[in-house]
Q: 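Have a look at the structure that comes next, please.
The sequence lines fix the lettering, A, B, ..., with proteins before strands; numbering per chain opens at 1. Everything numeric here is computed off the predicted structure, so don't read it as measured data.
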There are 2 protein chains.
Amino acid sequence: MPDAQDMLFRTLADPTRRSLFERLCREGEQTVVALTAGAGVSQPAVSKHLGVLKAAGLVADRPEGRLTHYRARRGALAPLVDWTSRMAGFWESRFDELEDLLARMDQ
Amino acid sequence: MPDAQDMLFRTLADPTRRSLFERLCREGEQTVVALTAGAGVSQPAVSKHLGVLKAAGLVADRPEGRLTHYRARRGALAPLVDWTSRMAGFWESRFDELEDLLARMDQ
DNA sequence: TATTCCCATAACCATAGGGTTATGAATTGG
DNA sequence: CCAATTCATAACCCTATGGTTATGGGAATA
């Protein structure tokens with residue numbers, strides 16, 4: 001399961017993928033065409049990235065007719081917060097409560 | 001200067017590198033031989049990873065005779081916390097104060 | 001029904017980068 | 001002074017992966 005951590009880091013390492021996730025966080029649910037516009041890469045590339053993000057649990061999709069809406073799952077960031085807090089040395093800090101909060105944000 | 005954020009994510013994406021950083025965070029200053037023991041890869045590989053970590057500002061080295069001591073620079077994690085907080089949507093939260101704290105932890 | 005649109009998959013290519021061994025410079029110890 | 005140790009660099013290899021174009025299936029629209 002702490003393999004989820006590795007998955008998260010690897011997934012977020014790519015700038016295009018991070019940018020897609022950022023857009024979904026900021027602007028909410030989007031279709032693939034909408035995301036492709038301004039992504040700087042082709043539609044198949046966007047689809048592939050969305051697939052990776054989905055496999056990491058960072059996004060969820062909602063098929064609707066011929067469209068597919070994607071949305072961010074912020075709660076999936078919890079392991080990242082967890083790792084950072086451990087590395088920073090704040091074992092007993094407020095991070096813990098924040099992590100719980102993120103875990104429950106799964107929507 | 002390439003984006004510090006991007007550099008951080010890319011640097012921490014590799015599990016071997018993350019493991020080295022974790023050890024430096026937990027166990028404090030270490031020489032290269034010490035880090036190589038238990039790293040699971042060769043000494044040149046460790047040296048290369050340490051070079052990448054250093055370029056990202058995540059570690060600092062202290063040459064002493066024929067030994068080189070490496071230590072973690074936890075403050076370099078600040079952009080990671082920053083990004084996570086922005087994505088999670090806690091702009092006005094305790095993250096801010098934590099980020100300041102990390103910024104001042106630069107040692 | 002025919003056409004257009006959205007999206008995913010397949011097949012392929014090129015590069016980044018993480019691993020190795022070989023080597024050498026610098027330092028310390030016998 | 002010679003040997004051993006520490007570390008970084010060089011020169012490779014090989015795989016993972018991010019990009020592309022081509023294609024096709026399902027859904028809306030004319």
Side-chain angles (χ1 to χ4, degrees), chain A residues 3-24 27-73, chain B residues 1-24 27-73:
Chain A
D3 199 64
Q5 217 166 56
D6 190 54
M7 194 94 166
L8 254 188
F9 272 109
R10 217 200 313 281
T11 300
L12 292 174
D14 181 74
T16 303
R17 217 143 49 208
R18 218 163 49 238
S19 170
L20 285 171
F21 181 70
E22 289 174 10
R23 284 186 58 187
L24 289 174
E27 309 166 15
E29 213 177 57
Q30 310 257 346
T31 67
V32 177
V33 267
L35 288 169
T36 299
V41 293
S42 65
Q43 174 266 314
V46 171
S47 276
K48 240 200 265 187
H49 282 305
L50 289 172
V52 175
L53 285 165
K54 184 181 170 186
L58 284 164
V59 303
D61 59 343
R62 183 173 62 83
E64 184 192 36
R66 66 178 167 184
L67 299 97
T68 304
H69 301 270
Y70 281 88
R71 65 179 181 281
R73 296 187 61 245
Chain B
M1 291 279 144
D3 196 23
Q5 216 166 258
D6 190 56
M7 194 93 165
L8 257 187
F9 273 109
R10 218 201 319 277
T11 300
L12 292 174
D14 182 73
T16 303
R17 216 142 50 206
R18 220 163 46 239
S19 169
L20 286 171
F21 181 69
E22 288 173 12
R23 284 186 58 187
L24 289 174
E27 308 166 15
E29 214 177 57
Q30 309 258 345
T31 67
V32 177
V33 267
L35 289 169
T36 299
V41 294
S42 65
Q43 173 266 313
V46 171
S47 275
K48 240 202 263 187
H49 282 306
L50 289 172
V52 175
L53 285 166
K54 184 181 171 186
L58 284 164
V59 304
D61 59 343
R62 184 173 61 84
E64 184 191 36
R66 66 178 165 183
L67 298 91
T68 305
H69 301 270
Y70 280 87
R71 65 179 180 281
R73 297 187 60 246

Q: Does the base of C:dG17 carry an N or O that pairs as donor and acceptor with the side chain of B:Lys48 under 3.5 Å?
A: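 Answer no: no donor N or O sits under 3.5 Å from an acceptor.
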Q: Would you find a donor on one side and an acceptor on the other, under 3.5 Å apart, between the side chain of B:Arg18 and the backbone of B:Leu12?
A: yes
Q: State whether A:Ser42 places a side-chain N or O below 4.0 Å from either non-bridging phosphate oxygen (OP1 or OP2) of D:dT20.
A: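 A:Ser42 to D:dT20 OP1/OP2: side-chain N or O found under 4.0 Å.
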Q: Quickly work out the A:Arg62 CZ to C:dA8 P distance and round it to whole Å.
A: 14 Å
Q: Of the listed nucleotides (C:dA8, C:dC7, D:dA8), which one gets closest to any side-chain atom of A:Leu67?
A: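 Given the options C:dA8, C:dC7, D:dA8, the side chain of A:Leu67 is closest to C:dC7.
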Q: May I ask you to evaluate whether A:Tyr70 reaches the phosphate of C:dC6, defined as a side-chain N or O under 4.0 Å from OP1 or OP2?
A: no
Q: Apply the side-chain contact (heavy atoms from CB on, under 4.5 Å) test between B:Leu67 and each candidate in B:Thr31, B:Val32, B:Val33; give the one that qualifies.
A: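 Only one option passes, and that is B:Thr31.
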Q: Specify the separation, in whole Å, of atom CZ of A:Arg17 and atom C1' of D:dA16.
A: 11 Å
Q: Counting side-chain heavy atoms from CB outward, which of C:dC7, C:dG18, D:dT21 is closest to A:Gln43?
A: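 Shortest atom-to-atom distance from the side chain points to C:dC7.
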Q: Figure out the CG/P separation between A:Leu12 and D:dG18, and round it to whole Å.
A: 12 Å
Q: In terms of side-chain heavy atoms of B:Ala45, which of C:dT20, D:dT6, C:dA8 is nearest?
A: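 Nearest nucleotide to the side chain: C:dT20.
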Q: What is the distance from CG of A:Asp14 to P of C:dG17, rounded to the nearest Å?
A: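 One finds 11 Å between P of C:dG17 and CG of A:Asp14, rounded.
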Q: Starting at atom CZ of A:Arg10, determine the distance to atom P of D:dT15, rounded to an integer number of angstrom.
A: 17 Å
Q: Give a yes or no on whether a donor-acceptor pair under 3.5 Å exists between the nucleobase atoms of D:dC7, that is its base, and the side chain of B:Arg66.
A: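 Counting by modelled atom types and ignoring angles, no donor-acceptor contact under 3.5 Å is found here.
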Q: Grab the NE2-P distance between B:His49 and C:dT20 for me, whole Å please.
A: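 Between P of C:dT20 and NE2 of B:His49: 9 Å.
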Q: Rounded to whole Å, please give me the gap between CG in B:Asp61 and P in D:dT9.
A: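 B:Asp61 atom CG is separated from D:dT9 atom P by 10 Å.
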Q: So, do A:Gln30 and A:His69 sit near enough that their side-chain heavy atoms are less than 4.5 Å apart?
A: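 The answer is no; the side chains never approach within 4.5 Å.
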